[in-house]
Protein chains: 2
Amino acid sequence: MNAPTFRNWQSVQDEVLRRIHAREWAPGDLIPNEADLAVEFGCARSTVNRALRSLAGSGLLDRKRKAGTRVAAQPVAKATLDIAVIRHEVEEHGFKYGYQLSVREIAVPPLSVSGAMKIVADARILHVRALHLADDEAYAIEDRWINTLIVPDAAAETFQSVSANEWLMKYAPYTHGEIAFSAMQASAEDAEIMAVPEYSALFAMDRLTWDGEASVTKVRLLFAPGYQLRTGL
Amino acid sequence: MNAPTFRNWQSVQDEVLRRIHAREWAPGDLIPNEADLAVEFGCARSTVNRALRSLAGSGLLDRKRKAGTRVAAQPVAKATLDIAVIRHEVEEHGFKYGYQLSVREIAVPPLSVSGAMKIVADARILHVRALHLADDEAYAIEDRWINTLIVPDAAAETFQSVSANEWLMKYAPYTHGEIAFSAMQASAEDAEIMAVPEYSALFAMDRLTWDGEASVTKVRLLFAPGYQLRTGL
DNA sequence: AAGTGGTCTAGACCACGCG
DNA sequence: GCGTGGTCTAGACCACTTA
């Protein structure tokens with residue numbers, strides 16, 4: 001029954017997980033502090049800290065100075081999604097990637113776009129629409145507005161062979177952004193482009209990225225029916 | 001031009017971000033090793049390590065032993081989603097939460113379910129269907145199968161006042177799981193339950209959780225039209 | 001006021017994986 | 001082989017928060 005010593009932070013983490021799982025530490029319970037656990041586990045406090053901090057990061061523990069560490073009563077599952085360049089996503093699934101540019105214009109965006117991007121309502125910026133294909137079938141429609149005041153280089157790009165999706169990832173760094181997922185009915189136009197029935201349910205991903213205070217780009221990706229965004233828990 | 005010293009790992013991280021952003025370190029570039037950076041920044045190597053490890057975790061750097069640290073050429077954006085209990089989600093938006101159980105039965109699941117859960121095809125397990133409401137309007141339909149071999153306590157729960165969604169979060173720990181998001185057309189039945197037009201586009205979240213080798217529960221949540229899953233980047 | 005987690009340090013050893 | 005990141009240690013100081 002003598003505890004083996006734990007030699008690395010992952011084994012400490014595993015042991016903590018085991019105790020939570022075995023209900024030795026039930027949801028809501030206060031667990032021993034780092035110093036005590038370090039003694040018990042036979043390792044340095046920083047090792048315990050690393051393990052517990054990581055678990056707190058994944059939502060399983062709630063930590064507060066002075067108050068101590070508690071097992072989360074209602075663990076909020078944290079799922080991490082990897083949002084890659086579409087071409088890579090398609091090729092990783094073993095399909096042939098295709099790309100068709102349909103619109104490239106300098107235009108005044110709708111108010112919903114200029115408002116979200118915090119640019120003056122009558123500013124003319126770059127608008128790009130394109131279709132991404134997997135094995136010659138529609139994969140996703142990209143509808144994007146690019147703030148050419150912030151990314152002037154984009155104005156020189158034709159986006160005929162390299163998608164804006166890919167180009168921006170490489171040449172337009174951002175400091176932060178927002179992303180939203182939803183389900184949308186295909187418009188008549190979208191349905192025709194994708195060659196799917198009208199009112200099909202499409203998976204929508206809306207992204208808005210910022211460079212400091214200035215918006216970089218706003219994009220809506222509409223994925224063909226059947227698309228799934230997956231990850232582990 | 002004399003470099004200020006960096007006193008904590010976040011300021012080191014900010015400086016590294018600045019350099020990447022300013023293209024002093026371009027995508028694909030090899031950056032100095034930890035020891036050198038520690039000297040330059042006037043801090044301990046472990047501080048630099050913490051900063052770089054964190055950036056690698058968010059996909060902005062690629063690190064390999066011996067090969068060193070490179071700025072990611074195609075940064076894969078990592079978005080972290082917080083999947084909370086539905087009741088909390090609704091209440092946080094300021095709505096009144098409601099819940100209606102519609103089905104609670106012991107039944108043989110369809111093959112798609114028993115297959116995914118890796119249970120024998122004719123096993124009878126617990127099936128629950130329920131509607132979650134926000135301000136008396138349909139918010140989400142929950143359709144869930146619970147492996148009562150693994151979670152025997154669930155068989156004693158009526159789920160009449162506490163949703164399975166909430167109960168399981170508290171009493172059925174899991175070691176890992178999978179989650180998938182997609183868009184689906186509302187079936188006639190779903191549309192009626194939610195009081196929305198047939199074929200509306202619904203946001204679907206499928207989750208399957210495991211306790212070691214055994215499946216715990218499989219759930220599909222269908223969210224009413226308009227639902228958005230949001231997060232930062 | 002005092003206990004807790006958050007972080008930094010300086011040094012050390014190790015595992016991986018290029019060359 | 002050997003340079004790199006990955007990690008551990010023992011000790012220290014600090015910031016936050018609760019009692």
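The chains referred to below are lettered A, B, ... by the order of the sequence lines, with proteins before strands, and numbering in each begins at 1. If you're wondering where the values come from, they're calculated on a predicted model, not measured in any experiment.
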(request) Give one of base, sugar-phosphate or nothing for B:Thr69, where a contact means two heavy atoms less than 4.0 Å apart. (result)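 The answer is sugar-phosphate, as B:Thr69 gets under 4.0 Å only of primed atoms, P, OP1 or OP2.
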
Among [options], find the nucleotide with the atom closest to the side chain of [X].
X       : options               : result
A:Lys64 : C:dA10, D:dG6, D:dT18 : D:dT18
A:Lys66 : C:dG5, D:dT17, C:dG17 : D:dT17
B:Asn8  : C:dG5, C:dT7, C:dT9   : C:dT7
B:Arg65 : C:dT9, C:dT7, C:dA15  : C:dA15

Closer than 4.0 Å, any side-chain N/O of [X] to the OP1 or OP2 of [N]?
X       : N     : value
A:Asn49 : C:dG6 : yes
A:Ser46 : D:dT7 : no
A:Thr47 : D:dT7 : no
B:Arg53 : D:dG5 : no

Between atom [atom1] in [X] and atom [atom2] in [N], what is the gap in whole Å?
X       : N      : atom1 : atom2 : result
B:Leu55 : D:dG6  : CG    : C1'   : 16 Å
B:Gln13 : C:dC8  : CD    : P     : 11 Å
A:Leu61 : C:dG6  : CG    : C1'   : 15 Å
B:Glu34 : C:dA10 : CD    : C1'   : 15 Å
A:Asn33 : D:dT18 : CG    : P     : 17 Å
A:Phe41 : D:dC8  : CZ    : C1'   : 16 Å
A:Arg63 : D:dT17 : CZ    : C1'   : 15 Å
A:Leu30 : C:dT4  : CG    : P     : 9 Å

(request) Could you say whether B:Arg50 or B:Arg45 is positioned toward the 5' end of DNA chain C, judged by the nucleotide with the nearest heavy atom to each? (result)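 Nearer the 5' end of the strand: B:Arg50.
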
(request) Please name the residue in the list B:Val128, B:Val151, B:Val85 that meets the side-chain contact (heavy atoms from CB on, under 4.5 Å) test with B:Trp167. (result)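 Single side-chain contact (heavy atoms from CB on, under 4.5 Å) partner of B:Trp167 among B:Val128, B:Val151, B:Val85: B:Val151.
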
So, are [X] and [Y] salt-bridged, with charged N and O less than 4.0 Å apart?
X        : Y        : answer
A:Asp135 : A:Lys96  : no
B:Arg53  : B:Glu34  : no
A:Lys170 : A:Glu157 : no

(request) Could you tell me whether the side chain of A:Met117 reaches within less than 4.5 Å of the side chain of A:Ile125, counting heavy atoms only? (result)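 Of all side-chain heavy-atom pairs linking A:Met117 with A:Ile125, at least one is under 4.5 Å.
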
(message) Let me spell it out: for each of B:Ala35 and A:Cys43, pick the nucleotide of DNA chain D with the closest heavy atom. Which residue's pick is nearer the 5' end?
(response)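 First, find each residue's nearest nucleotide; the 5'-ward one identifies B:Ala35.
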
